[in-house]
Amino acid sequence: MPEGPELHLASLFVNSMCSGVVFTGPVQRSEVSKNSEVPFSCLAYTITATSRGKEVRLTLKPLKSGPALDISMRDQQPMDVVFRFGMSGLFRFTTEEELPKHAHLRFYTNEKPSRVLSFVDSRRFGSWQPSGTWQADRGPCVMFEYQRFRENVLSNLNDRVFERPICEVLLNQKYFNGIGNYLRAEILFRSNIPPFVKARTALEQLHLMDLSEEKQTHREVKEEVADMKMFNTTAVKETDMEEKLKEEVTEIPDLLSLCNSVPLEVINMGVKGYDPGQNHYTELKAWFQCYSVAGMRSTRDHNSRTIWFKGDPGPLAPKAKKRLKNDDHAGKKKKAKFPKKGKVKKEVEVPQKQTGRKCVMNSQEVRENVTRGRKAPQRHSGRMTRSNSHVQAQ
DNA sequence: CGTCCACGTCTAC
DNA sequence: TAGACCTGGACGG
């Protein structure tokens with residue numbers, strides 16, 4: 001499950017499980033791993049973690065202690081190891097006996113029967129770098145460096161990458177560090193921006209808004225709704241517009257604030273029982289409003305990744321692609337798949353309309369709130385579960 | 001059995 | 001912009 005929220009939950013998991021725990025000896029790498037050895041060995045050390053976008057950094061810190069028995073364990077300097085999770089990476093903390101399959105990097109405690117913090121990665125697309133730093137060309141974290149993230153996007157709209165469809169740019173980690181395939185779908189769904197609108201078109205109006213220090217007035221909101229209507233014909237009806245005008249302006253999130261608030265929602269979901277490998281994905285699936293949801297539409301983007309959406313694909317949608325090799329991300333046409341039985345069963349439906357989260361614009365206040373807020377209270381209003389009530393994508 | 005699909009990068013024509 | 005890198009779950013015959 002690794003997008004920004006899962007990486008952050010992984011860091012919370014490590015800090016929670018390893019608090020007060022002493023590790024010892026060398027860091028062990030699996031035989032099969034192609035990643036580097038981690039040249040760290042110490043009689044007694046601690047592990048802490050932090051995250052940024054789609055990376056996690058572990059800090060291994062030697063404890064002051066008596067003379068080491070093994071010379072190789074002396075004079076060990078602290079070391080950071082920076083992880084990317086690929087498609088399947090996660091951390092687990094188990095006994096040595098219960099070491100999971102695919103535990104490719106392992107840190108052993110000094111306990112009687114050792115316990116082991118391990119980086120588990122069945123597909124091995126994940127990577128780590130000893131003495132690592134945050135990858136240089138990844139942008140600020142969408143979750144925890146929100147103002148810098150926003151600035152980085154809005155001050156670089158001249159970059160040619162913003163000529164690509166917004167759904168594709170949302171996966172560009174230079175600007176959207178932390179967003180992945182499920183988040184882009186959920187974010188665009190809530191913004192009501194068609195996935196294949198040119199990114200610059202979807203974003204440059206936010207730039208203008210940021211330039212004006214004035215609070216939003218209802219008049220401005222009205223104009224925004226009108227603008228939206230122009231580039232998303234399916235989105236806004238007169239009644240919706242009326243509702244928009246009645247809404248508190250501060251409840252209308254723009255695309256960039258959604259890039260912050262939507263991942264934070266996922267984090268807040270997971271924080272209670274945060275073993276990232278366990279119930280989290282089940283909970284996530286129940287939370288999806290668009291990604292892989294029955295009745296939503298899906299197609300391949302220009303990089304052959306599946307984009308889920310509702311309604312109009314937008315002007316830059318790819319024309320039918322030829323069949324290619326049978327491999328990940330190799331283009332194939334795919335229709336919306338339906339969830340296996342057992343999943344959608346008894347859900348009774350809550351009509352789609354409250355997804356009148358339609359407005360593309362927002363106010364300064366929203367940003368302030370979202371940025372500062374540790375919680376993401378704006379959701380939870382309606383259904384939290386996946387269901388086929390969304391049917392009608394057509 | 002087989003085929004398709006997956007929450008992500010990387011790098012080589 | 002194709003692959004390449006991988007394992008494993010879901011589903012079809």
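Below, chains carry the letters A, B, ... as their sequence lines are ordered, and counting in each starts from 1.
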Checklist outcome for this item: Taken to the nearest whole Å, CZ/A:F119 to C1'/B:dG8 is 12 Å
Checklist entry - How are the rings of A:F149 and A:Y146 set relative to one another: parallel (under 30°), tilted (30 to 60°) or perpendicular (over 60°)? => result tilted
Item to check | Watson-Crick or G-U pairs under 3.5 Å in DNA chain B, rendered as dot-bracket with [ ] for crossing pairs and | for another strand | outcome: ||||||.|||||.
Checklist entry - Is A:F162 close to A:K198 at the side-chain level, that is, under 4.5 Å between some pair of heavy atoms? => result no
Checklist entry - Taking atom C1' of B:dG8 as reference, at what distance in whole Å does atom CE of A:M87 sit? => result 6 Å
Next on the checklist: If I pick the P atom on C:dG13 and the same atom on B:dC5, what distance separates them, to the nearest angstrom?
Outcome noted: 15 Å
Item to check | Proximity to the side chain of A:R164 - top-ranked nucleotide from B:dG8, B:dA6, C:dT1 | outcome: C:dT1
Next on the checklist: Between A:E163 and A:R200, does any side-chain N to carboxylate O distance fall below 4.0 Å?
Outcome noted: yes
Checklist entry - Is the distance from OP1 or OP2 of B:dA6 to the nearest side-chain N or O of A:T306 less than 4.0 Å? => result yes
Checklist entry - Do the ring planes of A:F288 and A:Y281 sit parallel (below 30°), tilted (30 to 60°) or perpendicular (above 60°)? => result perpendicular
Item to check | Side-chain N or O of A:R305 closer than 4.0 Å to phosphate OP1/OP2 of B:dG8 | outcome: yes
Item to check | Nucleotide B:dT9, atom C1' - distance to OH of A:Y175 in whole Å | outcome: 18 Å
Item to check | Near-strand residues of residues 94-104 of chain A, defined as heavy-atom separation under 4.0 angstrom from DNA chain C | outcome: A:K101, A:H102
Item to check | Ring geometry between A:F23 and A:Y45 (parallel below 30°, tilted from 30 to 60°, perpendicular above 60°) | outcome: tilted
Checklist entry - In whole Å, what is the span from the NZ atom of A:K319 to the C1' atom of C:dT1? => result 19 Å
Next on the checklist: Assess, by modelled atom type and distance only, whether the side chains of A:N15 and A:T48 contain a donor and an acceptor separated by less than 3.5 Å.
Outcome noted: no
Checklist outcome for this item: Looking only at B:dA6, B:dG8, C:dT7, the nucleotide nearest the A:R300 side chain is B:dA6
Next on the checklist: Which heavy atom of A:E96 sits nearest to which heavy atom of A:Y108, and what is that distance?
Outcome noted: OE2-CE2, 3.6 Å
Next on the checklist: Can you identify which nucleotide, out of B:dC5, B:dT9, C:dT1, has its nearest atom closest to the A:Q173 side chain?
Outcome noted: B:dT9
Next on the checklist: If I pick the C1' atom on C:dG8 and the same atom on B:dC10, what distance separates them, to the nearest angstrom?
Outcome noted: 22 Å
Checklist entry - Can you check whether A:K61's main-chain N or O pairs, donor with acceptor, with A:Q76's side chain at less than 3.5 Å? => result no
Item to check | Expected output: side-chain A:R92 to main-chain A:S118 donor-acceptor under 3.5 Å | outcome: no
Next on the checklist: Assess, by modelled atom type and distance only, whether the side chains of A:T94 and A:R115 contain a donor and an acceptor separated by less than 3.5 Å.
Outcome noted: no
Next on the checklist: Rounded to whole Å, how long is the line connecting atom CD of A:E6 with atom P of B:dT9?
Outcome noted: 12 Å
Checklist entry - In whole angstrom, what separates A:N303's CG from B:dT9's P? => result 12 Å
Checklist entry - Taking the six-membered ring for Trp, are A:H8 and A:F144 parallel (under 30°), tilted (30 to 60°) or perpendicular (over 60°)? => result tilted
Item to check | Nearest-angstrom distance from the residue atom CZ of A:R184 to P of B:dT9 | outcome: 12 Å
Table of protein N/O atoms under 3.5 Å from nucleotides 10-13 of chain B N/O atoms:
unit_1 : atom_1 : unit_2 : atom_2 : d
B:dC10 : OP1    : A:R84  : NH1    : 2.3
B:dC10 : OP2    : A:Q135 : OE1    : 3.3

Item to check | Flag side-chain contact, heavy atom, 4.5 Å: A:M17 against A:L117 | outcome: no
Checklist entry - Whole Å only: how far is the CG atom of A:D121 from the C1' atom of B:dG8? => result 11 Å
